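First the structure, in the form of C-alpha cells, and then the observations on it.
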Amino acid sequence: MDTIKRIELVIPAIELKPVLRRLEKVGMDKYSIIRDVIGRGEFGESTDDLDGQLSSVYILTTCPAGEEETLYLELQPLLQKFGGVFLVSDAVCYRC
Amino acid sequence: MDTIKRIELVIPAIELKPVLRRLEKVGMDKYSIIRDVIGRGEFGESTDDLDGQLSSVYILTTCPAGEEETLYLELQPLLQKFGGVFLVSDAVCYRC
Amino acid sequence: MDTIKRIELVIPAIELKPVLRRLEKVGMDKYSIIRDVIGRGEFGESTDDLDGQLSSVYILTTCPAGEEETLYLELQPLLQKFGGVFLVSDAVCYRC
Amino acid sequence: MEFNLILSNILNPPVLFFFVGLLAVWVKSDLEIPQPLPKLFSLYLLFAIGFKGGHEIVESGFTPEVGATLVAAVLMACVVPIYSFFILKLKLDIYNAGAIAATYGSISAVTFITASALLTNLEISFGGHMVAALALMESPAIVVGIFLVRMFVPQGEASLEESEKGGWSEVLREACLNGSVFLLVSSLVIGLVTGNSGWVKIKPFSDELFYGVLCFFLLDMGLIAARRINDLKKAGAFVIGFSVAMPVLNAVIGIGLSRLLGLSVGNALLFAVLCGSASYIAVPAAMRMSVPEANPSLYISMALALTFPFNIIVGIPIYLQIIKLVWN
Amino acid sequence: MEFNLILSNILNPPVLFFFVGLLAVWVKSDLEIPQPLPKLFSLYLLFAIGFKGGHEIVESGFTPEVGATLVAAVLMACVVPIYSFFILKLKLDIYNAGAIAATYGSISAVTFITASALLTNLEISFGGHMVAALALMESPAIVVGIFLVRMFVPQGEASLEESEKGGWSEVLREACLNGSVFLLVSSLVIGLVTGNSGWVKIKPFSDELFYGVLCFFLLDMGLIAARRINDLKKAGAFVIGFSVAMPVLNAVIGIGLSRLLGLSVGNALLFAVLCGSASYIAVPAAMRMSVPEANPSLYISMALALTFPFNIIVGIPIYLQIIKLVWN
Amino acid sequence: MEFNLILSNILNPPVLFFFVGLLAVWVKSDLEIPQPLPKLFSLYLLFAIGFKGGHEIVESGFTPEVGATLVAAVLMACVVPIYSFFILKLKLDIYNAGAIAATYGSISAVTFITASALLTNLEISFGGHMVAALALMESPAIVVGIFLVRMFVPQGEASLEESEKGGWSEVLREACLNGSVFLLVSSLVIGLVTGNSGWVKIKPFSDELFYGVLCFFLLDMGLIAARRINDLKKAGAFVIGFSVAMPVLNAVIGIGLSRLLGLSVGNALLFAVLCGSASYIAVPAAMRMSVPEANPSLYISMALALTFPFNIIVGIPIYLQIIKLVWN
Ligand SMILES: Nc1ncnc2c1ncn2[C@@H]1O[C@H](COP(=O)(O)O)[C@@H](O)[C@H]1O
Ligand SMILES: Nc1ncnc2c1ncn2[C@@H]1O[C@H](COP(=O)(O)O)[C@@H](O)[C@H]1O
Ligand SMILES: Nc1ncnc2c1ncn2[C@@H]1O[C@H](COP(=O)(O)O)[C@@H](O)[C@H]1O
Ligand code: NA
Ligand code: NA
Ligand code: NA
C-alpha cells in the first residue's frame, strides 16, 4: 500500500524494444504493454493500416516517487526524436 | 513538465468519429485510442462478438486544467444519449 | 462530478472470470476490460504467443473512496496466488 | 418425410458445428474464436455468395421472374416491419417495438447461406438473383423502423436525435452503405461484369472453401447464441413467442407470394427464408445509432439466440416441406 | 538409411518453415505472425485432423486393434507422468515436477500432424482412430499431475487452492473440456456421423489447404521456440537432458507397446509420437491455474523449445527407423 | 488496342476490388478489414509468390538471362534512388527527399503480383527468377537513401542517430531482414529445395487461393489508398506530378534495359513494374526509424495513394503496350 508514481508512455510501436531496454536499465522491470494503439500527436496520425508500422504502444509502469526523473532522462532523446508521450500521476499501489 | 488534466473516455465504438470531431473542435487534437474494449456499464454489457458493433473504445487525452469542462459540455449530449465514461485526473506531463 | 477512486487491475487472462465475479460481488458492476495485454512482473513475462494463455487483461473500474479496500480484501487471495497489479488513484468522474 | 428432411438438414456439417458451439458454452468449455476471425469468415461468405450470385445471373439472364422476385423482396422488407411493429407495440415501448420490427423486416445472410447449402445438398437448383434479393432486403426495414419510431414518439423527445444524426438522408445513406451490404453488392456486380473468366479464377477460393468456412462461422454463431440466450431469460413469454412465431408467419407469407409469382421450389425456399429470418448485424448496428433508447441486448438476442437457431435447425426444412406439399 | 529418412523429413516444406522461424529470430528479422492468426491456424488444423480422422474411422470400422490402441493410449497418458514425476523430483521441487510430468504425459497435436504428413509423403497408411487416441491422451496427464502434486505437498499449503478451484470435479471438467480437445473431438464426431457426403464437401477445405496452413503454423512455432530458448539458459543440464531423453524413452516404450498390440508401421509411428511428445498448450493452461506455484516459462519452454523441435527434426524419423527395423 | 488492354486489366476481379475499396471510402461506407487480416493476406501472398518462384526456377534452371536480370535489378534499385533524390531535392528538404527516393527505388510486391496476374490472364509466360529480382530490389534503396541523407545533412545533426541506431551495419541488417523480404526469400528457397514433391502438396493452398486472397488484399489497399489521399491535398503539384511521372520514367528505363538484355515480353513487363513501383511497407518502416525527420504520411501516401493505383490501373497495361510495340 505504497504511494507510488504511475508512469504512462505512448510511443511508436517500432520503438518498443529500445524503450523497454531503457526501462529495464533504470530498474523498472515491471510493466504492462497494450499494443495496436492509434491516435494523433505532434508527428501526425498514428494508424495501424498496412503493416501496422505507424501504430503506437501504450506502456504502464510504476516507480517510487523521484525515479520518474531518471527514466525521463533516459528516454528523452528517443521521445524527442521519434515522438511519444510521457505522463506521470500519483497512485496507491496495493500490489505491483 | 506541466501539471495537466488527464482525460479518459470509454465510449461505444460506433461513436468514435463524432467524439473525435468534438475533441478536435475544442482543440484537443492529441489523443490515443485503444480499440476492442469490452465491459459493462449502465447500458448493459459491451462485447465484441459478431461484428463488434457493441464494443467500446478507450480514449486518452490531456488538457490544461479547466478545459476539461469545455470538453465535457461538448460531449455531454452524446454521453447522455449513447452512454460512456468521462474521467478526469491530475498528471504531470513530461512530453505530451 | 464526484471525486472517486479509479482502480486499475492487470491480471492473468485466465483469471478474468473469477475476478469479475468478485468485482460484481462488491457492487462494482461497471468496468472496462482491455485484453491482450502483455508485460513483465514478478511472475516473469506475460506474452500472447501460442494460445495466449499467458497474456494479461487490464481492468478499469471506479468506486467511492473507501470501497477500494473492500475490493482489495476480496481480490487479495487471487492476486497473491496468480499475481497481478492493483493500483488506486484519484479522479473526478463526470459520468461513470 | 418432414422429419427426414429435418434430419438431413441437421446432419449437415455446418449445422452440426452450430450445435458444437452451443454445447461448448453449455459445458463451459473455453473454446472461443477471437475477433477478427469471425469478421474474416463473414467477409469471406459475403464475398463468395455475392460473386457466385453475380456469376449465375450472367448464366441465367434477367428474366421477368427475376424482376418480379426483386420487387416482391423489397415489398416484403417494407411490409413486415410495419405489421411487426403494431404487434410488438402491444407489449413493448415504441423504441423497442421499432427496433425489433426493423430486425425482423431485414434478413440474415447466414440463414440464407445455410438454406442454399441444403438445396445444393439435395440438388435442388436456385437462381443467382436470389442473392440480389437478399441484398435488396437488408436495408429497407431500417428506414421503415426508424420512420415508425419517429411517427409514434412525441415530438419533443426526438429533436436532439435529428440534429445529432443529420436526419433522414444520413439514416438512408447508412442503411444502404453498411459494410456487409456494400461488400455483397460489390461482389455481385464484379461477378456480373467479369463473367466466366473471372469466375474460373475465383472459384477455387470462393466455391470450394465455402463449406468449411461456413462450418467455422456457424461454430462461432453457436458460441454467441448460447451466451446470448441468458439475455432473454428476463424477457417474457411474449418476446420469446414472437421470436419463433414471427419467422414462421413471415416465411408462410413468403411462400404464398412465391406461389403467386410462380417461383421454382429452390427460389421459393430462399425467398421464404429471407422473409422469415431476422438481422443480427446490419440492423442492430443501425438501431444502436438511430434508436439508442431501445435495448440492443433484447433485439440482438431475439434474432440471434432464438430466431436464427430456430430457422437453421427446424425452420428451413419445415418451409421446404410446405413448399414441396404446395408445389406438387 | 536413417540419415536418408531424416533428410526426407527435413526437406518437407512444413519442417523447413519451422527452421525459417528459428532463423528469423536468430538473425533478428522482424518477421512475426500476430495473434489471432496462429489461433486461426491451430483451430483449422484441429478441425481438419479431427474431421479426417472421423471420416477414416467410418471407412475402416471399429476393429479390436482400434479398441486396444485406445486403451493403450490412455494407459500411457496415465503412466508416463507418474514415472516422469519421480525422475523430476530428484532435482526439482514438487510443483515444477508435477507440472512438467503432466506436460510430458500429454501430447502435442502438431508433432502428431507433422508425423502424419511424413507418413502421407512416404505413402505409409495409418488409421483415423489414431486421432481419437490423440484426443484421449490430451487430458489424463493433467489429472495425474495435479494428483501427484496434492499427494506430495504438505496438507496445509494446498488448502486455499481447493476452495478456490472447486476441487477435483472442476479440474477434471477443465481437463476434458479445454477448447482444443473439444474442437478436435467435435470434428471427429461430425466426420463420423456425416459420413461420405459430409467429407466430400469439406475435403477441399480441410484436406487440400492442410499442408499450406501447417507451413504457416510451424513457421510461427519456429518463431516462438527460438524466443523461448532463452528461458532455458538458466535451467541446468538436468532439465535440458530430460527434454531430449524423456521423449526418446517414452517413444521407445510406445514402440514396444505397439509391437505387442500388433499395430501397423504407420500406427506405431503415430503412437510413438504421441507417447514421445509433450504438451505446450492444453497442459500449461491447466497447470497455470491448478499449480500456479510452478514456473510456466520452464515447463512451456521445455516442451516447446526443446522437445518439440527435437521430435520434429530428428525424433520422428528415428522412431520410424526403429519401427522399420523391428517390424521387418 | 491500348485501351483494350487497360480495359481487360481493369475488368480483372482484383483490380475491381481495389475500386470497391476506393468507392467504399468515398461513399462513407463503414466497410473495413481490421488488422491482422491484411497482415494475413500479405503473409500469404509473399509465401505463395515466393514458393511458386522457387518452383519455377527449378523448372527453368539458372540461365545467363537469369543472371543478367538479377544484376540489372540490383543496379536499378541503386540508381533510381540517386537520380530521384536530386530531382526531389529541388523542392523538398534533404530528409524527405532521401526517404521518398528510397521509396521509389524499392518495389511494391502487390503491383508485381497484379502484373503477374494480368500476364497469367493473357497467357504470357514469365520466369520464376523475377521473384528473385523482386526480393533483391526491395532493400538496396533503403541503404542508398540513408546514405544520401547522411551525405547531405550537416555533420552535427546526424550524430545522435548513429549512436542510437548503431550505424551502418545495423541499417544494412534491418534493410535485408525485414519480415516481408525474409518470408519471400525463405519461401523461394524452400520452393527451390523441395522441388516438385513440395510443390504438389502446396499448390492447392498457394496457387488456387491466390486470386481470391489478392482480391481481398486489393480491397484493403483501396480502402487505405482512399483514406490516404487526403494526406496529399496539402502537398503541392510537384509531389503529385512526381508520384505519377517517376514510375513511368523508371518503367521506361526498365523496358529499355530489358530490351538490351533480350528479356521475353512477360519478364520485361515484370521488370518494368519493379522499376516503376514504389514501396509503401518495407521502406517506410525503415525510414521511420532511420530518418525520423522525414514525414511518413508524405512518402507513404505518395507510394500508396498515387503511384500504386496509377500502376495498377493504367501503368501496367501501358507498359505492356509499349513492350509489345517495341518487341514486335
Ligand atoms: N496529449 C496526448 N494524450 C494522449 N495521447 C497522446 C497525446 N499526444 C500524443 N499522444 C499519442 O502519442 C503518439 C505519438 O505522439 P507524437 O509523438 O506527439 O506524434 C500519438 O500518435 C498519440 O497516440
Ligand atoms: N465506472 C466505470 N469504470 C470503467 N468503465 C466503465 C464504467 N462505467 C462504464 N464503463 C465502460 O463504458 C461503457 C459504456 O458505459 P455505459 O454507457 O454506462 O453503458 C461500458 O461498456 C464500460 O466499458
Ligand atoms: N509495476 C507494474 N506496472 C505495470 N504493470 C505491471 C506491474 N507489475 C506487474 N504488471 C503487469 O501485471 C502482470 C502480472 O504481474 P506479476 O503478477 O507481478 O507477474 C505483468 O505481466 C504485467 O503485465
Ligand atoms: Na425477414
Ligand atoms: Na507424451
Ligand atoms: Na521501383
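Here the structure is a predicted model, which is why all the values come from computation and not from measurement. Proteins get letters first, then strands, A, B, ... in listed order; numbering begins at 1 in each.
Interface with chain A: from residues 84-96 of chain C, residues Gly84(C), Val85(C), Phe86(C), Leu87(C), Val88(C), Ser89(C) qualify, criterion being any non-hydrogen pair under 4.5 Å. Inspection of non-hydrogen atoms places Glu42(C), Phe43(C), Asp48(C) of residues 42-52 of chain C under 4.5 Å from chain A.
When the candidates Thr61(A), Asp29(A), Ile59(A) are compared by the number of heavy-atom contacts under 4.5 Å with chain C, Asp29(A) comes out ahead. For chain A, the option among Arg35(C), Arg6(C), Gln76(C) with the highest count of heavy-atom pairs below 4.5 Å is Arg6(C).
Contacts between Thr3(A) and chain C at a heavy-atom distance below 4.5 Å are absent for every atom of the residue. Heavy atoms of Ile4(A) lying under 4.5 Å from chain C belong exclusively to its side chain. For Ile34(C), the part lying near chain A is the side chain, with the backbone staying farther off; criterion is any non-hydrogen pair under 4.5 Å. Interface remark: Val10(C) contributes side-chain atoms only to the contact with chain A (heavy atom separation under 4.5 Å).
Applying the side chain to side chain contact (heavy atoms under 4.5 Å, CB included) rule to Leu73(C) yields no partners; only residues at least two apart in sequence or on another chain are considered.
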Output, in order, the C-alpha distance, side-chain angles, deciding distance and verdict of side-chain contact (heavy atoms from CB on, under 4.5 Å) for Leu20(A) and Arg40(C).
CA-CA 10 Å; Leu20(A) 292 182; Arg40(C) 179 176 283 283; over 6 Å; no

Test side-chain contact (heavy atoms from CB on, under 4.5 Å) applied to Leu16(A) and Val19(A), step by step:
CA-CA 5 Å; Leu16(A) 180 60; Val19(A) 167; 5.6 Å; no

Please determine whether side-chain contact (heavy atoms from CB on, under 4.5 Å) holds for the pair Ile7(C) and Tyr72(C), giving the CA-CA distance in whole Å, both sets of side-chain angles, and the decisive distance to 0.1 Å.
CA-CA 10 Å; Ile7(C) 300 176; Tyr72(C) 181 65; over 6 Å; no

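The structure places OG1 of Thr70(C) at 9.0 Å from CD of Glu74(C), a figure rounded to the nearest 0.5 Å. The line from CD1 of Ile33(A) to OH of Tyr58(A) is 12.0 Å long, rounded to the nearest 0.5 Å. To the nearest 0.5 Å, the span separating CZ on Arg22(A) from CG on Leu71(A) amounts to 10.5 Å.
Looking at heavy atoms from C-beta onward, Leu75(A) lies out of side-chain contact with Ile11(A) at the 4.5 angstrom threshold. Put simply, the side chain of Ile14(A) does not reach to within 4.5 Å of the side chain of Phe82(A), judged on heavy atoms.
Sorted by first and then second residue, the salt bridge (charged side-chain N to carboxylate O under 4.0 Å, His left out) pairs involving residues 54-72 of chain C (not counting sequence neighbours) form an empty list.
When all heavy atoms of Leu78(C) and Glu15(C) are compared, the pair lying nearest together is CD2-OE1, 3.4 Å.
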